[in-house]
Amino acid sequence: MSYITSTKKISSAQSAYQYPLLIKSLMLSAQSRKSTKEIIYRDQFNMNYTTFFERVHRLANVLINSGVKPGDTIGVLDWDSHRYLECFYAIPMIGAVLHMVNVRLSAEQILYTMKHAEDSIVLIHNDFLPLIEPLEDQLCSVERYIQLSDKQHENIDTSLASIGDYETLLFEAESHYDFPDFDEDSVATTFYTTGTTGDPKGVFFTHKQLVLHTLNEMAMLGCYGENGLLRETDVYMPATPMFHVHAWGVPYVATMLGIKQVYPGKYEPELMVQLQQNEGVTFSHCVPTVLQLLLTSKAARNINFNGWKLLTGGAAPTLNLVRQAAEKGIELSTGYGMSETCPLLTITRLSQAESTLSLLDQSEARIRTGCPVNMVNLKIIDDDGEAVSHDGESVGEVVVRAPWLTQSYYREALKGEELWQGGWLHTGDVASISAAGIVQIKDRIKDVIKTGGEWVSSLDLENLISSHPNINAVAVVGLPDEQWDERPCAMVVLNNDSDLFSVNVLENYLLKYVLSGQITKWTIPSRVVIVEEIPKTSIGKIDKKLIRSKLIN
Ligand code: AMP
């Protein structure tokens, strides 16, 4: 790609204000409108936006008084809460870096991420004290801890160097902080992603990237489709943890809109369903397995969720799941992205004809990975780096450019270069793209099954198997095979009331798809393992690495 340097530049007036794209600018509109909507934490706490903004100022003063300097990294270990939302703003707004610690990793991995990120102050929910107390000696960079509690002004004894309880510190702090300007390319947030091998890797995002991502996500969620997914009349509740890619950036959008927000704390499906009903939640987002948990919770049994718009992502939803959701009145859309991409890359868009169908009949369109969102330059390339044809069939790796992609991995320059080969971020995902520009993820490159020279998409196969009435959940992986290189193996969870199930039952079921030409006979799994639960990753996605190692050993 060529680059020209001789473009016209006009000098600015000396007193012109060079507006930096900082996270503090995302608060301005709701602040000046004095939104009276509520921000709620479970059934325990609520406040309006005026109080929220004041608490952000108070938190900034607490951090500054505790010795935080611009460029320091502040770790947060909390459930999804109003406190976390306050950290989303106050920490980057004083020029520090918010490290969203993934509390679902193993203790060893949590220790690794906190040491690697060099957290200097850590805000920690009392629930995680038993996890961190034994690690304190090894967390050499951490100077102080601030305790978070669900009870107002609660003091729980800890061996950590705690300076006190969050609520008390906030109460005692000044209610105004003069947030400074600084370079919009300063790092605002970081968190760690766990790949298939090696230690977790730190991704990082600047103020400018988060501002652009927020503006774009707001446009994508609000402007497209007949009703949009998230607008100023909506009520928002995340169901993707806030430590996972800033809850996909939606808290920033919701706060900018000044809408009612509901934070569910520790994920308990029964409580989340109650909150959705009682607080009138109309928009949430989650990985497919969390949706499955919500739909099968006791609380959901006799409920119709009419009007609940849900964005699923992080993994491919099955057709069966989208249909179950539609039958319960949930309007489901699919988004695609990854930790490295802030995350939004694509989102479901229905054609005009599809929009006129019933919600249930829209299911097939709604599980498509979707179209690239504004400003995302997405290509699917073959092994020679050439773009594949837009025929919905040719497959290759998804590579992207967008203004909000992590520019490397923190202190892992070589891995960063691998991610960014040739100036394109390599997602490691295999996909096709149709003539209408609709992307369909087929698999992770590492999860594609190669059997007898054939190429099998584990996601396509999961989709077909999950439509069997006896099957509640499924994961398909390729296992080494001397003759065929690899063979597909299915791990399934049966529905409570289903009869005995075997590889033959599944084979007979899949045969109809072989006869119709949808799959080849080599695609039928040669092994079916029935389990109580499919192993999941720290954010509730199917953990194929773990499944493979369990099945091989
Ligand atoms: P993470 O970095 O943990 O968020 O994982 C990102 C990965 O999740 C992507 O590279 C994809 O493999 C997968 N993923 C995310 N969204 C989708 C989707 N809509 N369909 C299929 N896979 C997805």
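Counting convention: from 1, in listed order, for ligands and their atoms alike. Start at 1 with the first residue, then count along the sequence.
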Pair Trp420 and Tyr409, ring centroids less than 6.0 Å apart = no
Atom 13 (C) of ligand 1 [closest protein heavy-atom partner, distance rounded to 0.1 Å] | Gly314 O, 3.5 Å
Does at least one non-hydrogen atom of Pro317 fall below 4.0 angstrom from an atom of ligand 1?
-> no
Return the orientation label for the Phe305 and Trp308 ring planes: parallel under 30°, perpendicular over 60°, tilted otherwise.
-> tilted
For atom 19 (N) of ligand 1, which of Gly335, Gly428, Ser339, Ala316 has the closest heavy atom?
-> Gly335
Using a 4.0 Å heavy-atom cut-off, say whether Arg444 meets ligand 1 through its side chain, its backbone, both or neither.
-> side chain
Option set Arg368, Lys541, Lys442, criterion heavy-atom distance to atom 3 (O) of ligand 1, minimum = Lys541
Nearest non-hydrogen atom to atom 15 (C) of ligand 1 belongs to which of Ser333, Gly313, Gly337?
-> Gly337
Per-atom contacts, ligand 1 versus Thr334 - under 4.0 Å to a heavy atom = 19 (N)
Regarding Thr282 and Asp234, is there a side-chain donor-to-acceptor distance under 3.5 Å anywhere?
-> yes
Cation-aromatic face contact Arg83/Tyr41, 6.0 Å, 45 degrees | yes
Report yes if some heavy atom in the side chain of Met237 is under 4.5 Å from a heavy atom in the side chain of Met272; otherwise report no.
-> yes
Shortest protein contact, atom 12 (O) of ligand 1 (heavy atom only) = Asp429 OD1, 2.5 Å
The closest protein heavy-atom partner of atom 4 (O) of ligand 1 is His244 NE2, 3.1 Å
Non-hydrogen side-chain atoms of Ile132 and Ile110 separated by less than 4.5 Å = yes
Exactly one candidate in Leu359, Thr312, Leu319 meets side chain to side chain contact (heavy atoms under 4.5 Å, CB included) with Arg366; the answer is Leu359
NZ/NE/NH1/NH2 to OD/OE distance under 4.0 Å, Glu418 and Lys201 | no
Nearest non-hydrogen protein atom to atom 6 (C) of ligand 1, with distance, is Met338 CB, 3.3 Å
Has Pro343 got any heavy atom lying under 4.0 angstrom from an atom of ligand 1?
-> no
